[in-house]
Amino acid sequence: MLPTGLSVYTAFVRTYSFKEVIVMSVALNLQARIQNALADAVRQASLAGGWALEAIPLVELEVPREKAHGDLATNIAMQLARDAKLPPRRIAEEIIGHLNMEGTFIETAEVAGPGFINLRLSNEWLYEVMRDIARQGTDYGRSRVGEGQRIMLEFVSANPVGPMNVVNARAAAVGDTLANLMEAAGYDVSREYYVNDAGRQAGLFGLSLLARYKELAGIAVEFPEDGYPAPYVTEMAKVLREEVPDLLEKPQEEQEAFCKRWGTDRMVALQRDDLAAFGVEFDVWFRERDLHKSRQLEKVIDYLDDKGLIYEQDGALWFASTRFGDDKDRVVVKSDGLPTYITADMAYHWDKYRRGFDHLINIWGPDHHGYIGRMSAAIQALGYEADSFEVLLLQLVTLLRHGEKVRMSKRAGEFVSMTELLEEVGKDAARYFFLMRAPDSHLDFDLALAAEQSQENPVYYVQYAHARISSILRQAEEDSIQCPSADSADLGLLQSEQELDLIMKMAQLPEEIVLAAQRREPHRMARYAHELASTFHSFYTHCRVLGEDEALQGARLALVQNTKTVLQVVLGLLGISAPEKM
RNA sequence: GCGCCCGUAGCUCAGCUGGAUAGAGUGUCUGACUACGAAUCAGAAGGCCACAGGUUCGAAUCCUGUCGGGCGCGCCA
């Protein structure tokens, strides 16, 4: 261990404290042990060699692309080269000389290339992973790196004035899977949907609904300017007439208020159904109108006013957001006395913090990025850290059909709604397509390809792996073949390249989940799913399971069973079904 | 004009916060079903990582500039 009392080491201790140590998976624990062993070796070597190091960077391990480069590699020697003023290869040799391999499964450690340290591990650790997966079942992959931090993830939040579009659908898939990933990584996540049911759009929607209602009643009316002329409003008005036939007997003001409330409520209910069909359930549906009802808009303005951040100009009230890095100050109460959108949003985010969340994540459409600066300013003005508020911007979705752009015009009500999308391509394919690409990258979504049940469609590639395994296990059961547990099977018989690759791939899951969660990159999981399936398919063609001699058959059955478990975990995170048959 | 995202194989995209010979799907070409599901597998071809500088042992990755594409910049939401 460390010699104590040497001040030179204080910097070292800080740089190599691993959160990963507290997680439960074999792979992550092993990685942490190896990192620790390497960091120890660096310290010993540094002490012995008298290197003038200011600090030791985190020892990063990577899985080399080339198998010839071993199972794990680190570039730590190259990173130290400048401070130590020594050639990287020489440093690497010194580090290896001081490396204590006990408990690390390291078989060989060698210097390679410009100064990499390549580690080859004993297969024993892979068998350890096998037992780990069998023990944990579908809990495999979960960790506690999030340390229970309370996260509020707000996403979709489409206006309750019309059907949801494909960007909403993308947001739903990305948000839901991100939440799944963060939960699996040990964060305490709440999914929330903000219902914009109090603003001008909601009002116009209510007026449009009322106008259609009157038309249906045979009353000639002028359709509201900037209203919603699309057919779904008329359809909804028909329903309203059946449910509330005596609406027009009320005073005009009550009619309008009723339509606004009834219409938005009904639209929210439709959205909720669509999202549920997409596999997305929210913990909280937050109504903007509740903020108005409880006077939160006034309160947030008063609060900012007390801090001297509100001023009057041109008959309006302004928030001095430029003091917190915004491009320009923002109006919070218009000269007509009505609050602006940001006022409600400030009150809303204030409320989020006061409900005890440590960290807020919002997923927004590409048209909202100009809004980040002012919201961040508001967060800071309310006394919260700028980095406790995070916005994930999704880029646009271009819909194609057989490679041809699908033309859409929202104004004319001609666009592919989320409902139609689900009808045309189904939940599994839609989610997978949305999750294939990085959130900040444009997405080309070919409806025809996604709907196609063929080899062209990448969704089936992953699901097929699961169905194939299920078929093997069914066959085994019919033939009364026992599928042994990983503990009782002779795992040492798993020696071929394909078998070891498959276990290795599964061993990477816990880390993949942590990376995807922390970097907010759910597409990594879609990618991983494909790689896992690919590794399995390769195993399948090269290695027979049933009909081998009993010991090998047993070991492979355990392997296949574990693969099925891991596929279920991954597909579950993606919100995609894992079929027994296809 | 200012801000953000993007530019990597014919096409659609990855590239692990700077590493070893830049990857995958799709498309093209060549092979593999008389044992567990061929919605699969094995292989080939395909690249000036938009361009020009800079930072360093090392750049697709970081910085600056140019060109090209997308989006945003309301007392709308």
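Quick note on labels: first sequence line is chain A, next is B, and so on, each numbered from 1. The shown structure was predicted, so the numbers you read here are calculated from the model rather than taken from an experiment.
With 3.5 Å as the limit, one finds a donor-acceptor pair spanning the side chains of Q380(A) and S376(A). Residues T264(A) and D197(A) have side chains that never bring a donor and an acceptor to within less than 3.5 angstrom of each other. Residues T535(A) and S538(A) bring no donor and acceptor atom of their side chains to less than 3.5 Å of each other. Q201(A) and Y228(A) share a side-chain donor-acceptor pair at under 3.5 Å.
Distance, L449(A) CG to U26(B) C1': 9 Å, rounded to whole Å. Taking atom CZ on R89(A) and atom P on G58(B), their separation rounds to 18 Å, with Å as the unit. Spacing between atom NZ of K85(A) and atom P of C57(B) amounts to 12 Å, rounded to whole angstrom units. For the pair E497(A) CD and A42(B) P, the computed distance is 10 Å after rounding to whole Å. Distance I91(A) CD1 to C57(B) C1': 11 Å, rounded to the nearest Å. Between Y464(A) atom OH and U40(B) atom P there is a gap of 7 Å when expressed in whole angstrom units. Nucleotide A35(B) holds its P atom 14 Å from the CZ atom of R468(A), rounded to whole Å. Atom CH2 of W364(A) and atom P of G3(B) are 20 Å apart (whole Å).
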Please tabulate, for side-chain N and O atoms in residues 156-163 of chain A, each donor-acceptor pair with protein atoms closer than 3.5 Å (sequence neighbours left out).
{"residue": "S157(A)", "atom": "OG", "partner": "E154(A)", "partner atom": "OE2", "Å": "2.7"}
{"residue": "S157(A)", "atom": "OG", "partner": "Y194(A)", "partner atom": "N", "Å": "3.0"}

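Take the nearest nucleotide of RNA chain B for E580(A) and for D444(A): the residue whose nucleotide is more 5' is D444(A). Nearest-nucleotide positions on RNA chain B for S538(A) and D440(A) put D440(A) closer to the 5' end.
Nucleotide U17(B) carries a syn base; the chi torsion (O4'-C1'-N9-C4 or O4'-C1'-N1-C2) is within 90° of 0. In this entry the base of C67(B) is anti relative to its sugar, with a glycosidic angle more than 90° from 0.
When the C1' atom is compared between C67(B) and C29(B), the two are found 37 Å apart, to the nearest whole Å. A gap of 45 Å separates the P atoms of C57(B) and C73(B), to the nearest Å. Taking atom C1' in both A60(B) and C16(B), one finds a spacing of 14 Å when rounded to whole Å. Comparing the P positions of C41(B) and G27(B) gives a spacing of 13 Å, expressed to the nearest Å. Nucleotides U66(B) and G1(B) have their P atoms positioned 10 Å apart, rounded to a whole Å.
R520(A) and D440(A) are not joined by a salt bridge, as no carboxylate oxygen comes within less than 4.0 angstrom of a charged side-chain nitrogen. Using a cutoff of 4.0 Å between basic side-chain nitrogens and carboxylate oxygens, R527(A) and E512(A) are not scored as salt-bridged. A salt bridge between K564(A) and E580(A) is present, with a side-chain N of the basic residue lying under 4.0 Å from a carboxylate O of the acidic one.
A donor-acceptor pair under 3.5 Å is absent between the side-chain atoms of T177(A) and the main chain of V174(A), judged by distance alone. No side-chain donor-acceptor contact under 3.5 Å links E94(A) to the backbone of R90(A). In this structure a side-chain-to-backbone donor-acceptor pair under 3.5 Å is missing from R170(A) to F433(A).
Seen from the ring of F536(A), R468(A) does not count as a face-on cation partner, given the 6.0 Å and 45° thresholds.
Side chains of R431(A) and L574(A) form no contact here, defined as non-hydrogen atoms less than 4.5 Å apart. Side-chain contact check for L121(A) versus L30(A): some heavy-atom pair is nearer than 4.5 Å.
In this structure, A438(A) reaches the sugar-phosphate backbone alone: every heavy-atom distance under 4.0 Å involves primed, P, OP1 or OP2 atoms, never a base. Among the protein residues, S471(A) comes within range of the nucleic acid bases, having at least one heavy atom under 4.0 Å from a base atom.
RNA chain B contains the following stems of three or more consecutive Watson-Crick or G-U pairs, with both distances under 3.5 Å: B:1-5 with B:69-73, B:10-13 with B:23-26, B:28-32 with B:40-44, B:50-54 with B:62-66.
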Provide a list of protein-nucleic acid N or O atom pairs under 3.5 angstrom, restricted to nucleotides 44-47 of chain B.
none

Going 5' to 3' through nucleotides 19-24 of chain B and flagging B where a protein heavy-atom sits under 4.0 Å of the base, S where only the sugar-phosphate is that close, and - otherwise, we get BB--B-

B/S/- along nucleotides 70-77 of chain B (protein heavy atoms under 4.0 Å) is SBS-SBSB

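For the OP1/OP2 pair of C16(B) and a distance below 4.0 Å, the side-chain nitrogens and oxygens of R519(A) include no atom meeting the criterion. Note on H523(A): a side-chain N or O is less than 4.0 Å away from OP1 or OP2 of G15(B).
The side chain of E60(A) has U17(B) as its nearest neighbour among G37(B), C41(B), U17(B). Nearest to the side chain of M582(A), among C13(B), C41(B), G37(B), sits G37(B).
With sequence neighbours excluded, the residues forming a salt bridge (Lys or Arg N to Asp or Glu O under 4.0 Å) with E192(A) are R355(A), listed by chain and number.
Here the CD1 atom belonging to I117(A) is positioned 10.0 Å from the CE atom belonging to M78(A), to the nearest 0.5 angstrom.
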